[in-house]
Amino acid sequence: MNATARRMFDTVSPRLAPALAAGLIAALIAGCGQRAPEEAVIPSTPLRAVDTPPPQYPPEIGCDQIGGKVVLQLTVGVEGKPTRVNVLTSSQTKALDDAAIKGVQSWRFEAATRNGKPVATDIQVPVTFHAPPSRPEHCGQVPSGL
């Protein structure tokens, strides 16, 4: 026994020392009991693209040889489908912006999870449209009947 412990027991009456020792031992043993079961930690998973084909270039502007980039904000719901689509940055061409919105509506994802449950996730998606490599044949032709 170290000097501090000895001094503690020297100041306790001889009749209380056994009770004090028994109480300390009981407290130590109680701390060794079974712990409450811990909840299993389920790791989170990120959103994963399953089917995200590029949106179709709008044929009505093919003759104009216009390209551009649209940045969209998508909310992907717990079923893995876009539930909300907003244009963050426009291409400055309405037909391209509309084609981007229409194209991503059919995309499919595996939803992100938190604690094993699917959660909605917001993502930003850039959609770049390139003008057709060559002008369509009908460009510059006058429609018949005019």
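The residues of the chain are indexed from 1 along the displayed sequence. The analysis underlying the following values was restricted to heavy atoms, covering all of them including side chains, and did not include hydrogens, waters or symmetry mates.
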* Out of curiosity, Ser90 OG to Leu88 CG, how far, rounded to the nearest 0.5 Å? -> 11.0 Å
* **Straight-line distance of Leu47 CG to Thr121 OG1, nearest 0.5 Å** => 5.0 Å
* Does Ser91 reach the main-chain N or O of Thr93 with its side chain, forming a donor-acceptor pair under 3.5 Å? -> yes
* **Partners meeting side-chain contact (heavy atoms from CB on, under 4.5 Å) with Pro132 (sequence neighbours left out)** => Tyr57, Gln65
Just distance, no hydrogens or angles: give the donor-acceptor pairs under 3.5 Å from side chains in residues 67-83, sequence neighbours left out.
{"unit_1": "Thr75", "atom_1": "OG1", "unit_2": "Arg84", "atom_2": "NE", "d": "3.2"}
{"unit_1": "Thr75", "atom_1": "OG1", "unit_2": "Arg84", "atom_2": "NH2", "d": "2.7"}
{"unit_1": "Thr75", "atom_1": "OG1", "unit_2": "Asp122", "atom_2": "OD1", "d": "2.5"}
{"unit_1": "Thr83", "atom_1": "OG1", "unit_2": "Thr75", "atom_2": "O", "d": "3.2"}

* To do: Give the minimum heavy-atom separation between Ala100 and Phe129, together with the two atoms involved.
  => N-CZ, 3.7 Å
Only pairs under 3.5 Å count here: list side-chain donor-acceptor contacts from residues 106-118, not counting sequence neighbours, and write none if there are none.
{"unit_1": "Ser106", "atom_1": "OG", "unit_2": "Gly103", "atom_2": "O", "d": "3.1"}
{"unit_1": "Trp107", "atom_1": "NE1", "unit_2": "Pro53", "atom_2": "O", "d": "2.8"}
{"unit_1": "Arg108", "atom_1": "NH1", "unit_2": "Gln105", "atom_2": "O", "d": "3.4"}
{"unit_1": "Arg108", "atom_1": "NH1", "unit_2": "Ser106", "atom_2": "O", "d": "3.4"}
{"unit_1": "Glu110", "atom_1": "OE1", "unit_2": "Arg48", "atom_2": "NH2", "d": "3.0"}
{"unit_1": "Thr113", "atom_1": "OG1", "unit_2": "Thr45", "atom_2": "N", "d": "3.2"}
{"unit_1": "Thr113", "atom_1": "OG1", "unit_2": "Thr45", "atom_2": "OG1", "d": "2.5"}
{"unit_1": "Arg114", "atom_1": "NH1", "unit_2": "Thr45", "atom_2": "O", "d": "3.4"}

* Report the C-alpha separation of Leu96 and Ile61 in whole Å, then their side-chain angles, then the decisive distance to 0.1 Å, and conclude whether the side chain to side chain contact (heavy atoms under 4.5 Å, CB included) test is met. => CA-CA 9 Å; Leu96 294 178; Ile61 63 170; 3.7 Å; yes
